[in-house]
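Inspection log for the structure reproduced underneath, given as structure tokens.
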Amino acid sequence: RIPLLGSEVEIVIDFNPIHRVTKCVLDGDRLRVTTNKPDPTTRITRFLKDLAAQEFLVLAREKAAPLGKSVATVTVRDMATRWGSCGPDGNMSLNWRLIFAPALAIDYVIAHEVAHLIHHNHGPRFWKLCTELSKDFSTGSQWMRDHGHI
């Protein structure tokens with residue numbers, strides 16, 4: 001079982017050498033993996049990165065729209081020291097491991113990056129906007145402070 005987008009998901013692997021390809025399907029609270037690989041870790045990771053990119057883009061665009069701004073792209077990366085970045089051009093990068101955080105922490109990080117579309121610093125107006133964009137700023141930011149390093 002793993003945390004995934006704020007829920008707990010069970011990974012169910014159906015290994016059979018006759019399978020031609022590895023398929024991952026998120027089905028409610030189960031991530032179903034059919035595979036011919038003894039270790040499908042790389043395929044599961046690819047699936048999770050693609051899922052993160054899709055879900056994070058939707059959330060980022062929802063947060064940017066009321067500001068009259070747009071998020072052009074969301075790229076998920078394996079970042080060693082950051083959770084995200086966002087340029088004035090609307091191109092956002094997010095750490096793919098954010099997919100394992102609770103929903104309010106994901107919401108906070110994306111709100112933080114969207115706020116950079118307006119304010120390119122961490123001044124008082126930036127933090128005010130970040131708070132307004134977050135569903136629960138204090139819970140999300142506190143979770144990231146307490147658990148983000150793990």
Side-chain angles (χ1 to χ4, degrees), residues 1-13 22-35 37 39-150:
R1 298 188 73 76
I2 60 170
L4 189 64
L5 295 169
S7 298
E8 191 168 292
V9 172
E10 179 183 11
I11 299 176
V12 179
I13 298 177
T22 297
K23 291 183 185 175
C24 299
V25 176
L26 188 57
D27 180 20
D29 65 348
R30 287 196 171 90
L31 175 58
R32 297 185 185 280
V33 181
T34 56
T35 186
K37 300 192 172 304
D39 180 6
T41 304
T42 57
R43 299 291 204 270
I44 294 169
T45 301
R46 184 185 320 150
F47 173 81
L48 294 175
K49 287 179 178 181
D50 290 345
L51 179 64
Q54 294 167 20
E55 295 293 323
F56 297 166
L57 179 61
V58 168
L59 184 55
R61 285 184 170 164
E62 286 173 1
K63 290 191 176 300
L67 303 176
K69 296 290 184 176
S70 63
V71 174
T73 62
V74 168
T75 304
V76 294
R77 294 196 169 116
D78 196 2
M79 299 174 165
T81 60
R82 303 172 83 170
W83 285 105
S85 65
C86 187
D89 57 0
N91 291 321
M92 187 179 294
S93 291
L94 294 166
N95 190 322
W96 80 273
R97 287 182 172 85
L98 189 59
I99 199 169
F100 301 117
L104 290 176
I106 295 168
D107 183 79
Y108 159 74
V109 171
I110 293 175
H112 181 112
E113 298 310 331
V114 168
H116 281 306
L117 293 171
I118 303 289
H119 303 290
H120 309 294
N121 57 51
H122 289 109
R125 293 185 305 162
F126 166 83
W127 289 112
K128 182 179 183 303
L129 180 58
C130 190
T131 302
E132 292 167 0
L133 291 171
S134 297
K135 290 180 181 172
D136 185 339
F137 175 86
S138 88
T139 300
S141 62
Q142 188 65 50
W143 191 92
M144 292 305 294
R145 274 193 300 277
D146 293 346
H147 305 285
H149 63 285
I150 55 172

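Heavy atoms only: backbone and side chains are in, while hydrogens, waters and symmetry mates are out.
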Original post:
Side chains of Cys86 and Val114: does their closest heavy-atom pair fall under 4.5 Å?
Top reply: no
**OP:** Applying side chain to side chain donor-acceptor pair (under 3.5 Å), name anything that partners Asp78, two or more places apart in sequence or on another chain.
**Re:** Arg97
Subject >> Partners meeting side-chain contact (heavy atoms from CB on, under 4.5 Å) with Asp27 (sequence neighbours left out) >> reply: Arg32
Original post:
So, do Leu104 and Trp143 sit near enough that their side-chain heavy atoms are less than 4.5 Å apart?
Top reply: no
Subject >> Contacts of Ser141 that satisfy side chain to side chain donor-acceptor pair (under 3.5 Å) - sequence neighbours left out >> reply: none
**OP:** List the steps, then state whether side-chain contact (heavy atoms from CB on, under 4.5 Å) holds for Ile110 with Val74.
**Re:** CA-CA 10 Å; Ile110 293 175; Val74 168; over 6 Å; no
Original post:
Does anything in residues 101-118 pair up under side-chain hydrogen bond (donor to acceptor under 3.5 Å, both in side chains), and if so which pairs, sequence neighbours excluded?
Top reply: Lys63-Asp107, His112-His116, His112-His122, His116-His122
Subject >> Those residues that, when tested against Thr34, pass side chain to side chain donor-acceptor pair (under 3.5 Å) (two or more places apart) >> reply: none
**OP:** Could you tell me which non-hydrogen atom of Asn95 sits nearest to which non-hydrogen atom of Phe56, and how far apart they are?
**Re:** O-CE1, 4.2 Å
Original post:
Counting N and O atoms only, with roles assigned by atom type, does the side chain of Arg61 sit under 3.5 Å from a partner on the main chain of Ala72, one being a donor and the other an acceptor?
Top reply: yes
**OP:** Kindly write out the residues that satisfy side chain to side chain donor-acceptor pair (under 3.5 Å) with Arg43, not counting sequence neighbours, or none if the list is empty.
**Re:** none
**OP:** Report yes or no: does Thr35 contribute a side-chain atom to a donor-acceptor pair with the main-chain N or O of Lys37 at less than 3.5 Å?
**Re:** yes
Subject >> Heavy-atom side-chain proximity of Leu67 to Leu117 below 4.5 angstrom >> reply: no
